Amino acid sequence: MAFLRCYMCKNACGIIATVEGKVVRVAANRNHPQPGICGRGAAGPYLLTHPDRLKSPLTREGDQLVPTSWEKALDEVTKRLKELLDEGHPEYLAITYHDYGKELLERFAALYGTPNLIGHESVCHGPRTVAAELVLGAEGPRSIDPDYPNSKFVVFIGRNPLEGIVPDIVRRIEEGRKNGMKIAVIDPRKSAIAQRYADRWIPIRPGTDTAFLLSVIYYMIKNGMYDEDFLKMYSNASLLVYEDDLSPANEYSDKLIYEGQKDGRRVATAFYLLMKEGEKVYPRLTYITGATYDDVKYIAENLWENRPSAVIDDGWHTSFSTDSTYTWMSAFIINAMIGNLDKKGGLIFSKKPRIKLYEENKAKVKRIDKIRYPLTYAAFQEVYRAILTGSPYPIKALMVVGTNLDGRDPNSDLVRRALSKLDFLVVVDVMPSDVTDYADVVLAESTYLERDELPLPVGWTLEAWVDIHQKAVEPYYDTKPLWWILLELERRLGLANDTFDSLQDMILSKLGINKEELYSKGCVKIPTEIYEVYPYKKELNTPSGKVEIYSTILHEHGYYPLPTYIEKNVMPREDDEFYLTSGHTLYHTQDSITFDIPTLIKLAPENPVTINKKRAEKLGIKDNDEVELISLTTGQRVRCKVRVTDDIREDTAFTYFGFGRHSKGEKFAYGHGFDVNSLISDQITDPISGSIAQSLNIVKIRKV
């Protein structure tokens with residue numbers, strides 16, 4: 001028996017693997033703090049004998065990728081990366097990935113000297129993560145999480161944990177429901193979580209979440225629904241701000257709601273100005289959002305009456321609109337208004353430790369996406385532009401680790417043109433994908449069942465746990481783990497001489513973990529307090545150390561420093577036009593692992609577009625008809641089947657992303673579904689987070 005993390009997606013749930021002869025079985029590790037296995041995870045052992053899997057390193061010879069030795073493949077990668085070092089421009093290398101391998105890739109990028117390690121967040125959790133940094137000093141989705149089992153009321157905004165699945169989160173939500181928790185879902189589509197759990201579904205118009213939440217804030221302030229003591233002590237709500245230029249006066253009022261004079265200039269508290277932002281949209285609530293005033297009242301009163309054991313969920317896939325950062329600033333501020341931070345049943349700061357595997361970062365220039373978007377968590381579309389234009393500086397080499405860019409990023413034509421123009425592309429992956437077709441070198445990674453991994457903090461836990469990952473079987477083919485590949489490149493480039501054992505010892509030493517105990521149990525808990533730590537005993541990682549309703553960082557960078565609704569001029573204007581929305585299917589990730597597994601393809605073979613029944617009847621479209629989608633932002637056209645339902649707004653269409661694979665190397669995936677990214681523009685972005693406004697793309701839908 002081996003203790004493992006399931007890497008069929010990036011959530012890394014705790015599993016165990018057993019081997020009987022040639023049969024490998026996986027099951028949830030019930031002694032792990034994040035146990036669980038889903039359909040994707042259950043299909044994992046098929047990767048071992050998958051006929052399409054990458055079985056050895058490959059190098060390009062003309063139009064073909066041909067098998068080669070590790071020595072020759074790494075010689076080629078080393079040669080090309082050393083050329084950039086010798087030129088004095090390590091920043092000309094960009095690296096991208098999808099969560100897995102983050103600690104090792106951060107180390108390699110720092111030692112090599114490139115700042116351009118940039119992930120997928122501009123099409124995922126970028127806005128909520130930037131907002132969490134600005135308001136709470138927190139980070140990505142795993143840094144804060146609702147205490148679902150103990151919560152009495154939870155609001156989900158555009159999030160659907162039942163399909164973008166972490167099994168243990170679903171288990172915790174189930175536990176909360178058994179304890180009487182109520183759920184509200186704000187989403188244009190009645191998603192699986194809305195269908196299964198919601199006490200109220202609010203079908204909001206795409207791109208208007210900020211207006212809705214500011215209306216909730218306005219209603220709560222006008223009706224005295226806020227924890228005055230918490231806000232005065234632990235936030236900058238009473239900070240005085242000059243109204244003429246919204247600069248901070250660097251003084252606090254003894255009142256939360258105040259407007260007056262200072263130095264001959266009008267000043268007001270941040271909380272007063274926040275209320276005024278809500279007042280701008282509240283009278284037009286239904287016109288802007290499609291929601292009702294009763295919806296606002298329902299959300300506000302349930303949050304207030306169940307405080308502090310009530311919470312607006314912190315979100316995940318949030319790259320929807322040009323003001324999505326302000327959406328999530330508003331959400332985090334509402335959580336602070338009811339005083340639920342680090343309270344039982346509220347929004348909890350995860351107490352897990354961070355791992356850093358390097359001492360010095362040798363990068364000397366600004367990360368390429370931060371030149372245009374200084375506060376972004378990731379805006380990988382800037383890498384494509386740099387490849388094609390050489391501006392603001394060129395990207396000549398790209399390392400892609402375990403992610404399929406063609407299935408991940410918007411404007412598929414831009415992605416393919418950029419990949420075609422690259423001087424050098426190296427791909428590290430288990431399976432072939434669209435991106436491997438463009439590679440100069442492919443480094444075949446062992447499946448997660450064939451490789452050891454370094455001990456790491458467990459992801460989706462509120463407490464501090466560390467787990468291990470042991471290989472269940474020896475590699476079936478000539479493949480290597482990511483850690484071996486990166487450490488070998490470090491050695492060849494003269495960057496370091498570390499080994500798996502030395503890095504493991506470094507981690508265990510920093511965490512104070514006994515190796516024998518860890519390996520005997522598979523995971524160990526580091527004793528920590530869960531509740532009432534932040535911001536009560538420890539300051540937040542914001543400039544003020546408090547919850548920042550007024551963001552000093554936004555002001556310093558020339559942005560509007562309070563949540564505000566940005567008016568939209570993108571909307572459907574004809575009966576056959578729709579907002580295009582997309583999301584996760586239960587059976588696949590958007591990367592290369594799951595789409596080529598026959599059992600999963602059989603369960604989800606395509607991605608039909610879902611539209612409202614009334615609108616379908618008006619257009620003469622019936623369920624299962626073939627339709628054509630024409631993007632008004634990219635000009636691209638696709639064909640697919642249509643699904644007709646009452647569970648979506650009339651002006652909105654929905655489909656699952658990740659389908660439409662172009663590589664014939666994925667024989668089972670090829671030809672299934674359509675590429676939704678071809679319909680989504682890379683030009684419509686949130687100016688703060690740099691994230692793609694995926695729901696502000698309009699498509700025409702016509703029966704074929």
Side-chain angles (χ1 to χ4, degrees), residues 130-137 210-285 296 300 304 323 325-339 341 374-375 535-536 539-567 687-689:
V130 172
E133 291 174 338
L134 295 173
V135 177
L136 301 177
T210 304
F212 181 84
L213 291 181
L214 284 172
S215 295
V216 172
I217 287 171
Y218 178 74
Y219 182 91
M220 293 178 75
I221 293 175
K222 294 300 285 185
N223 288 279
M225 297 177 179
Y226 53 87
D227 187 329
E228 185 170 356
D229 292 340
F230 179 91
L231 291 175
K232 281 185 174 180
M233 187 170 296
Y234 299 116
S235 83
N236 68 355
S238 58
L239 176 70
L240 290 175
V241 179
Y242 291 110
E243 293 188 48
D244 51 10
D245 63 0
L246 293 183
S247 61
N250 298 321
E251 287 186 15
Y252 283 80
S253 170
D254 58 358
K255 299 178 181 178
L256 284 179
I257 299 176
Y258 170 80
E259 186 181 32
Q261 294 274 340
K262 176 177 167 55
D263 304 325
R265 298 167 66 186
R266 298 291 298 175
V267 292
T269 58
F271 202 56
Y272 175 87
L273 295 175
L274 176 69
M275 179 185 71
K276 300 300 284 185
E277 290 299 327
E279 189 176 56
K280 291 178 186 177
V281 293
Y282 188 75
R284 299 180 294 141
L285 169 75
V296 168
W304 182 245
D323 58 1
T325 300
Y326 288 136
T327 296
W328 290 95
M329 287 182 69
S330 301
F332 294 134
I333 287 169
I334 292 172
N335 282 315
M337 285 173 61
I338 61 173
L341 301 185
L375 300 180
Y536 317 98
E539 288 190 344
L540 303 183
N541 189 30
T542 59
S544 64
K546 301 179 178 183
V547 176
E548 295 219 347
I549 290 170
Y550 170 97
S551 172
T552 51
I553 294 175
L554 284 181
H555 181 262
E556 288 168 4
H557 284 85
Y559 296 107
Y560 201 78
L562 293 149
T564 188
Y565 173 63
I566 297 176
E567 302 285 349
I688 298 174
S689 67

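Computed from a predicted model, the values in this text were never measured in an experiment.
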Query raised in the report: Is the backbone N or O of Tyr258 less than 3.5 Å from a side-chain atom of Ser253, with the two atoms forming a donor-acceptor pair by type?
Result: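 No.
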Query raised in the report: When you measure from the side chain of Asp245 to the backbone N and O of Ser247, does any donor-acceptor pair fall under 3.5 Å?
Result: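 Here the side-chain-to-backbone pair exists.
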Least distance between heavy atoms, [X] atom then [Y] atom:
{"X": "Leu246", "Y": "Pro561", "value": "CD1-CD, 3.8 Å"}
{"X": "Ala268", "Y": "Glu243", "value": "CB-OE2, 3.6 Å"}
{"X": "Ser330", "Y": "Thr210", "value": "OG-CG2, 4.4 Å"}
{"X": "Ala300", "Y": "Met225", "value": "O-SD, 4.1 Å"}
{"X": "Leu285", "Y": "Ser215", "value": "CD1-OG, 3.6 Å"}
{"X": "Pro563", "Y": "Leu214", "value": "O-CD2, 3.9 Å"}

Less than 4.5 Å apart, side chain to side chain, heavy atoms only: is that true for [X] and [Y]?
{"X": "Tyr252", "Y": "Lys232", "answer": "no"}
{"X": "Leu562", "Y": "Ile549", "answer": "yes"}
{"X": "Thr552", "Y": "Ser544", "answer": "no"}
{"X": "Ser238", "Y": "Leu231", "answer": "no"}
{"X": "Asp227", "Y": "Ile338", "answer": "no"}
{"X": "Leu273", "Y": "Tyr550", "answer": "no"}
{"X": "Tyr218", "Y": "Met275", "answer": "yes"}
{"X": "Trp304", "Y": "Asn223", "answer": "no"}

Report task. Mind running side-chain contact (heavy atoms from CB on, under 4.5 Å) on Thr327 and Leu213 for me, showing each step along the way? Result -> CA-CA 7 Å; Thr327 296; Leu213 291 181; 4.0 Å; yes
**Report entry** Salt bridge Arg284-Glu567, side-chain N to carboxylate O under 4.0 Å
**Finding:**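 Yes, charged N to carboxylate O under 4.0 Å.
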Rounded to the nearest 0.5 Å, how far apart are [atom1] of [X] and [atom2] of [Y]?
{"X": "Tyr326", "Y": "Leu134", "atom1": "OH", "atom2": "CG", "result": "9.0 Å"}
{"X": "Leu240", "Y": "Tyr272", "atom1": "CG", "atom2": "OH", "result": "13.0 Å"}
{"X": "Tyr242", "Y": "Asp263", "atom1": "OH", "atom2": "CG", "result": "4.0 Å"}
{"X": "Thr269", "Y": "Leu256", "atom1": "OG1", "atom2": "CG", "result": "7.0 Å"}
{"X": "Phe271", "Y": "Ile257", "atom1": "CZ", "atom2": "CD1", "result": "6.0 Å"}
{"X": "Leu239", "Y": "Glu548", "atom1": "CG", "atom2": "CD", "result": "8.5 Å"}

**Report entry** Leu341 and Leu136: CA distance, side-chain angles, deciding distance, side-chain contact (heavy atoms from CB on, under 4.5 Å) verdict
**Finding:** CA-CA 10 Å; Leu341 301 185; Leu136 301 177; 3.8 Å; yes
Report task. Evaluate the criterion side-chain contact (heavy atoms from CB on, under 4.5 Å) for residue pair Leu375 and Tyr559; output intermediate values, then yes/no. Result -> CA-CA 10 Å; Leu375 300 180; Tyr559 296 107; 3.9 Å; yes
Requested in this report: Examine the side chains of Tyr560 and Glu277 and answer whether a donor and an acceptor come within less than 3.5 Å of each other.
Outcome: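 A pair is found: one side chain offers a donor N or O, the other an acceptor, under 3.5 Å apart.
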Report task. Take Leu554 and Met329 through the test side-chain contact (heavy atoms from CB on, under 4.5 Å) and record every step on the way to the result. Result -> CA-CA 11 Å; Leu554 284 181; Met329 287 182 69; 3.7 Å; yes
